[in-house]
There are 2 protein chains.
Amino acid sequence: MADSSTQGGETLLFLTDEQLRKGIEAMFFAYRGFTADPDRILDKHGYGRAHHRAIHFINREPGLTVTTLLSVLGVTKQSLNRVLRTLIDDGLVESRVGRKDKRARHLHLTATGEALERELSGAQRERMRGAYRTAGPQAVAGFRQVLEAMMDPEMRRHYQMLKDDS
Amino acid sequence: MADSSTQGGETLLFLTDEQLRKGIEAMFFAYRGFTADPDRILDKHGYGRAHHRAIHFINREPGLTVTTLLSVLGVTKQSLNRVLRTLIDDGLVESRVGRKDKRARHLHLTATGEALERELSGAQRERMRGAYRTAGPQAVAGFRQVLEAMMDPEMRRHYQMLKDDS
DNA sequence: ACTTTATGTCAGTGTTGTTGACTTTCCAAG
DNA sequence: CTTGGAAAGTCAACAACACTGACATAAAGT
């Protein structure tokens, strides 16, 4: 199972248990770095990671409905509602009743919300940019390929839904 | 800032804000997949992600002290202690008083603890193996490079401390 | 009219993080 | 040898954020 046989001439050394464990720990440690900078900013403002996620996806797709956001975030509506409630009360997010379907609430960032979004994504992009620059374009391509393969199919759908701009 | 200039003949298109955002979301969605399988198993046993992390690192380095584990996990000792307490009480982890320094506790997995460790890491490796296989060895190398560059220096130290076996 | 969908709320619970206060143990300076 | 501080670990209380379950309201859809 953890052998290093070959197949079709291609070595499979990269599939050993040791290599996989190394990848697992890389995910763990890197994710901590990934969230560290936004966490500091959020803390200053009295918000948590859940607020960041909501803000991020509302910014990505302004006007999305609560249900859509729910399926992207993969949490319960009760959990999301708590977060959304504070963001709306604090004037960072606006909830507009749908014109065609009046049940639906379409979410938008206010100017204040957009400001926080920029602060958060700026910090996170800075970290990502450093990592990308260090690793180089080819490594980045591999990085994205492996992560995409790691996703659950439904999450991959949400991921691929983004325009790629490449 | 989001331009696509060139430098030394190498294109920097991969550093655009769009590309960075795509990377950020890849991390978010992939991490969910990464933890999904162990989470299901942990739930069956009545444990959480924190228990998994403790078990993982105790297995990686049997006999490590609480303080060492603390610095690897990056949480407070009080938080770790609660998790460790249940694992010890349930007979998955053994805490041995140090011989030279009697303040220190050295942590080991029991047979039961090792069984759960195998169950958890087996599931997680299976996911990782699938992703690795899909993406290929070159992508895996890039994946690891970018993640390593993304870590905080102290976390990178812990990461690199592992034998690589490549 | 009846059912389903979209949203929101209330109450209760569990995991995991935090701070603060405390005990035990070790070591080193007087 | 004692005393005082540092290190290791524990206990208690609290906060964030996830969960389930029950229920309410309004708007679509059939």
Side-chain angles (χ1 to χ4, degrees), chain A residues 28 31-32 35-36 38-56 58 63-90 93-108, chain B residues 28 31-32 35-36 38-58 63-90 92-107 120:
Chain A
F28 171 68
Y31 198 77
R32 287 261 292 287
T35 55
D39 280 353
R40 269 188 290 275
I41 295 168
L42 289 159
D43 200 62
K44 275 194 324 190
H45 294 260
Y47 295 122
R49 218 173 272 180
H51 300 87
H52 184 188
R53 292 196 282 263
I55 289 172
H56 174 96
I58 293 171
L64 88 175
T65 64
V66 173
T67 305
T68 306
L69 185 52
L70 230 41
S71 86
V72 172
L73 295 178
V75 296
T76 59
K77 62 177 174 177
Q78 295 91 330
S79 190
L80 176 58
N81 196 256
R82 181 172 0 93
V83 167
L84 230 36
R85 190 75 270 138
T86 71
L87 290 175
I88 292 169
D89 290 349
D90 293 354
V93 168
E94 199 187 339
S95 170
R96 302 182 194 154
V97 174
R99 271 174 308 186
K100 294 197 320 191
D101 187 338
K102 287 177 194 159
R103 293 172 303 177
R105 302 302 144 89
H106 299 271
L107 304 170
H108 297 262
Chain B
F28 171 69
Y31 199 77
R32 287 263 291 286
T35 55
D39 280 353
R40 269 188 289 274
I41 295 168
L42 289 159
D43 201 62
K44 275 194 324 188
H45 294 260
Y47 295 121
R49 220 173 269 180
H51 300 87
H52 183 188
R53 293 196 281 263
I55 289 172
H56 174 95
F57 287 106
I58 294 171
L64 87 175
T65 64
V66 173
T67 303
T68 307
L69 185 52
L70 230 41
S71 86
V72 173
L73 295 178
V75 296
T76 58
K77 58 182 174 175
Q78 295 88 333
S79 188
L80 174 58
N81 195 256
R82 183 172 353 93
V83 167
L84 232 35
R85 190 75 270 138
T86 70
L87 291 175
I88 292 169
D89 290 349
D90 293 356
L92 301 189
V93 168
E94 198 187 339
S95 168
R96 302 181 194 157
V97 174
R99 271 174 308 184
K100 294 198 317 191
D101 187 340
K102 287 177 194 159
R103 292 173 302 180
R105 302 301 143 90
H106 298 272
L107 304 169
L120 290 168

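Every chain is numbered from 1 and lettered A, B, ... according to where its sequence line falls, protein lines coming before strand lines.
Atom CG of B/Leu73 and atom P of C/dT15 are 18 Å apart (whole Å). Here the C1' atom of nucleotide D/dA16 and the CG atom of A/Leu80 are 15 Å apart, to the nearest Å. Distance CG (B/Leu70) to P (C/dT19): 12 Å, rounded to an integer number of Å.
With rounding to the nearest 0.5 angstrom, the OG atom of A/Ser79 is 9.0 Å from the CG atom of A/Leu70. Rounded to the nearest 0.5 angstrom, B/Leu84 CG and B/His51 NE2 are separated by 9.0 Å. Distance check, rounded to the nearest 0.5 Å: NE2 of B/His106 to CG of B/Leu69 gives 13.0 Å.
Contact check of residues 39-55 of chain B against DNA chain D (heavy atom, cut-off under 4.0 Å) returns no residues at all. Heavy-atom distances under 4.0 Å link DNA chain D to A/Lys100, A/Asp101, A/Lys102, A/Arg103 of residues 96-104 of chain A, given in residue order.
Residues B/Leu120 and B/His56 have side chains not in contact (no heavy-atom distance under 4.5 Å, counting atoms from C-beta outward). Contact check for A/Val83 versus A/Val93: no side-chain heavy atoms found under the 4.5 Å cut-off. Side chains of B/Asp90 and B/Tyr47 form a contact here, defined as non-hydrogen atoms less than 4.5 Å apart.
Side chain of B/Arg32 to backbone of A/Leu73: a donor-acceptor contact under 3.5 angstrom is found.
Aromatic ring orientation, A/Tyr31 versus B/Tyr31: parallel (interplanar angle below 30°, classes split at 30° and 60°).
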>> Is there a side-chain contact (heavy atoms from CB on, under 4.5 Å) between B/Val97 and B/Arg105? Walk through the geometry before answering.
In response: CA-CA 5 Å; B/Val97 174; B/Arg105 302 301 143 90; 3.9 Å; yes
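Contact annotation: B/Thr67 reaches the phosphate of D/dG9 (side-chain N/O to OP1 or OP2, under 4.0 Å). Close to D/dC19, at under 4.0 Å from its OP1 or OP2, lies a side-chain N or O of A/Thr76.
Put simply, the residue from B/Thr35, B/Ile41, B/Leu42 that forms a side-chain contact (heavy atoms from CB on, under 4.5 Å) with B/His52 is B/Leu42.
For B/Thr68 and B/Thr65, the side-chain atoms include at least one donor-acceptor pair closer than 3.5 Å.
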>> Generate the contact string for nucleotides 8-14 of chain C. Rules: B means base contact, S means sugar-phosphate contact only, - means no protein heavy atom under 4.0 Å.
In response: BBB----
